[in-house]
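Scroll down for the structure; my scribbles are underneath it.
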There are 2 protein chains.
Amino acid sequence: MGKTERGRRRHKGVGRVTLGDVAKHAGVAPITVSRVMNNPDQVSEKLRKRVEQAVDALGYVPNLIAGGLASAGTRVIPVIVPSLSILTYIDVIHGIQQTLEDTGYQLLLGSTDFDLDREAALIDTVLGYSPSGIIIAGLRHRERAIQRLEACQRPVVEIMEYGASCIDSNVGVDNAEVGRCMARHLVERGYRRIAYVGSRMDRDYRTIQRYEGHREMLELAGIDGSRLLQNDEAASYKTGGRLFMEAMASYPDLDAIHFTNDNLAAGAILEANRRGIRVPDDIAVAGYLGLPLSECLTPALTTVSVPRFEMGVQAAKFLLARLDGEQGEALRCDIGFELIVRDST
Amino acid sequence: MGKTERGRRRHKGVGRVTLGDVAKHAGVAPITVSRVMNNPDQVSEKLRKRVEQAVDALGYVPNLIAGGLASAGTRVIPVIVPSLSILTYIDVIHGIQQTLEDTGYQLLLGSTDFDLDREAALIDTVLGYSPSGIIIAGLRHRERAIQRLEACQRPVVEIMEYGASCIDSNVGVDNAEVGRCMARHLVERGYRRIAYVGSRMDRDYRTIQRYEGHREMLELAGIDGSRLLQNDEAASYKTGGRLFMEAMASYPDLDAIHFTNDNLAAGAILEANRRGIRVPDDIAVAGYLGLPLSECLTPALTTVSVPRFEMGVQAAKFLLARLDGEQGEALRCDIGFELIVRDST
DNA sequence: CTGTTAGCGCGTTCAA
DNA sequence: TTGAACGCGCTAACAG
């Protein structure tokens, strides 16, 4: 009943089989078990077999936390996005997850609700998990957040938007160019009285970037680019339908509406279906994203398609490259987009 | 240049500010800093102020890994679902995330691709992170997985399906009852030649449960319940449209189709729109889930709506209750569903 | 190829 | 209310 006995009771680390237990069972040193788990080729076949048997017999599962503490890095990849209710981010996360799936890295999910202060706080939190790297949406962050990300000496991939300056690596699209592209298409199609429709534009600055591209292109063509409509609801089909009607009421002479995403645009077409409004004869409708629904509508929706899943895959690949020891220049990738012209314009 | 100096260089725990650094800066013992971070009321206001200043000055961020190791529990909640490309799971995850958001718990995301062996392996992995608890889809798991979950002594919430026996807590719906409910509606509406259409039914047994409920109810009414169509593609709108046409070709006398989810059913209606097939006059269409799209279609889709987001919220609440020390009986909740009759039937 | 030693950064326990 | 000592479980470094 000496000190040792009391020491034993100090922590609640009961129940679980530890590396030490396995070592005892196999008659080797703990480090040998560690090697069998992490660097099997450093151990002779004989001992390896013995250890593996012990592992199976005891049902040993490594404590990744302890390993992470000792080696200053857990195999965790935080992914920080603005929202989990927006399909775009989900697709990207899916791409990341699928690429990382069999590499032993786990995704730690965080969402900021488009709030940069919240984002900064979340970054602090997740860095507390000694992650192997981090993937984060956007190129704009609070100064403090950027400092922390740079200081942590871990690969950082910024996704969604593509731009000149990133912390470490960057995969995304050029939103202004997207806006210009669709606006150009509308002008070329002969539309002249065009409105841009968004929702929550105050929160999601990438929508503003697209709008600015749109406006710029229209004004280049001598067309009024300032017709804008938005509100504060989430970008649902219903909201799209409502904004569609509002836009037509606000600007009765409209011949085309450029929606900031396919959710809204699809909502508009569905609303038009319900009301017997003819698209594009009465009014043309264009979207952005290339959601699966866009091609199933009647009329099918003209849209700019972005490879969201692939963006996630590429982000994960950049991360893995860095984790594999690839140094040097920023890894950057403009994932691009594609104008898909369909019947709605 | 003695032992200490070499010791310092042993690990790469460089750069980061530690609790010890803060303690030195504030002129207190490390444990006092720890208390300020975790149990502020145990520290006098004077010292607390001093420590807080030091924290700010140095930009200290706690190392959650070290804390987790010392206290045998990181504030991580793994969420294990079959797929990240299925909206249902996304909505549930969103509910979980929103509920856990401000509690300091982080979601660790894992997906199994409907493979129970993969699930078991994933469970082993995530338990290695000493999670505070775990949320997992389904009531069916490998025996080994169940043992591990029971052995880990942590709250476990099984979600999506509601059933008699769970490991610890359970929130979900009764899939067979859903199938019965919609089948009853179709029969009451006067439909008699009804097919059930699913996709990937071999993988997702919950779809089979709904089908069996459907079949049971039809046969109770003396109607052939064995008309079934499925394929191996994901449940997209396009697949729905294709299966719709296939079903009508396979069973030319059909007067109603019961789709296993709204994605397929919506795809069917969109396909009908394109082809000028009249729903429900030529054929009725019913779905399951209550996706936002369902009410925006023409005709609007009859569906059984499930509160997916709320299911996630409830799962998180059960978890928090357990983490708050609530013991005893299994926490169980049949989240229910609602038949929403619209124009498509 | 295998083992010894030390410590990652923190929280628990016990003592003051 | 504050502090000292110890160890959570594992791995890095070094020695054999």
Side-chain angles (χ1 to χ4, degrees), chain A residues 2-24 26-51 58 60-75 127-130, chain B residues 2-24 26-51 58 60-75 127-130:
Chain A
K3 213 165 178 185
T4 314
E5 186 59 21
R6 276 162 57 216
R8 276 258 142 262
R9 295 184 165 272
R10 281 201 147 193
H11 287 276
K12 23 177 156 161
V14 282
R16 257 191 100 158
V17 178
T18 71
L19 184 142
D21 298 334
V22 177
K24 246 174 246 159
V28 299
I31 185 67
T32 302
V33 180
S34 171
R35 290 198 180 107
V36 170
M37 304 299 293
N38 301 317
N39 306 84
D41 6 305
Q42 291 180 18
V43 181
S44 69
E45 175 148 353
K46 190 180 133 204
L47 277 195
R48 195 170 55 222
K49 281 267 160 74
R50 198 133 54 90
V51 169
L58 301 181
Y60 170 63
V61 179
N63 182 329
L64 272 24
I65 294 301
L69 182 58
S71 63
T74 53
R75 295 174 73 81
L127 286 181
Y129 287 101
S130 296
Chain B
K3 213 166 175 183
T4 315
E5 185 60 20
R6 276 161 58 216
R8 277 258 142 262
R9 296 187 164 269
R10 280 203 146 191
H11 287 274
K12 20 178 161 162
V14 283
R16 257 191 98 159
V17 177
T18 72
L19 186 143
D21 297 334
V22 177
K24 247 175 246 157
V28 298
I31 183 61
T32 302
V33 179
S34 171
R35 289 197 180 107
V36 170
M37 305 301 292
N38 301 317
N39 306 84
D41 5 306
Q42 290 180 18
V43 181
S44 68
E45 177 150 350
K46 189 181 136 206
L47 278 195
R48 195 170 55 223
K49 282 267 161 73
R50 196 132 56 90
V51 169
L58 300 181
Y60 170 63
V61 179
N63 182 329
L64 272 24
I65 295 301
L69 182 58
S71 63
T74 53
R75 295 175 73 83
L127 286 182
Y129 287 101
S130 295

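Note on naming: letters A, B, ... go to the chains in the order of the sequence lines (proteins, then strands), and numbering restarts at 1 for each one. As the structure is a prediction and not an experimental result, all values here were calculated from the model.
The NZ atom of K49(A) sits 14 Å away from the P atom of dT2(C) (whole-angstrom rounding). Across the protein-nucleic acid pair, L69(A) atom CG and dC10(C) atom P stand 9 Å apart, rounded to whole Å. Taking atom NZ on K24(A) and atom P on dC10(D), their separation rounds to 12 Å, with Å as the unit. Note: CD1 (I31(B)) to P (dC14(C)) measures 14 Å, nearest angstrom. For I65(B) and dG7(C), the CD1 to C1' distance is 17 Å, given to the nearest whole Å. Counting to the nearest Å, the P atom of dT2(C) and the NZ atom of K46(A) are 8 Å from each other. Regarding R16(A), its CZ atom lies at a distance of 9 Å from the P atom of dG9(D), rounded to whole Å. Computed from coordinates, the N39(A) CG to dA12(D) C1' distance equals 11 Å when rounded to whole Å.
Distance alone, capped at 3.5 Å, places no donor-acceptor pair between the N39(A) side chain and the Q42(A) backbone. Between the side chain of R16(A) and the main chain of V61(A), a donor-acceptor pair closer than 3.5 Å is present. Side-chain atoms of T32(A) do not come within 3.5 Å of backbone N or O of V43(A) as any donor-acceptor pair. Here the side chain of R50(A) pairs a donor or acceptor atom with the backbone of A26(A) at under 3.5 angstrom.
Within the 4.0 Å cut-off from OP1 or OP2 of dT11(D), at least one side-chain nitrogen or oxygen of N38(A) is found. Within the 4.0 Å cut-off from OP1 or OP2 of dG3(C), at least one side-chain nitrogen or oxygen of T32(A) is found. Phosphate contact (OP1/OP2 of dC10(C), side-chain N/O of Y60(B), threshold under 4.0 Å): present. Put simply, S44(A) has a side-chain N or O that comes within less than 4.0 Å of OP1 or OP2 on dT2(C).
Between G27(B) and G20(A), the residue anchored nearer the 5' end of DNA chain D, judged by the nucleotide with its closest heavy atom, is G27(B).
Within 4.0 Å of L64(A), counting heavy atoms only, lies no atom of the nucleic acid at all. When heavy atoms are screened at a 4.0 angstrom cut-off, A66(B) is found touching base atoms of the nucleic acid.
When each of dT4(C), dC10(D), dG7(D) is scored by its nearest atom to the side-chain atoms of A70(B), the top-ranked nucleotide is dG7(D). Across dT11(D), dC14(D), dC10(D), the shortest atom-to-atom separation from the side chain of R35(A) is found for dC14(D).
Applying the side chain to side chain contact (heavy atoms under 4.5 Å, CB included) test between V33(B) and each of T18(B), V51(B), D21(B) identifies V51(B) as the sole match.
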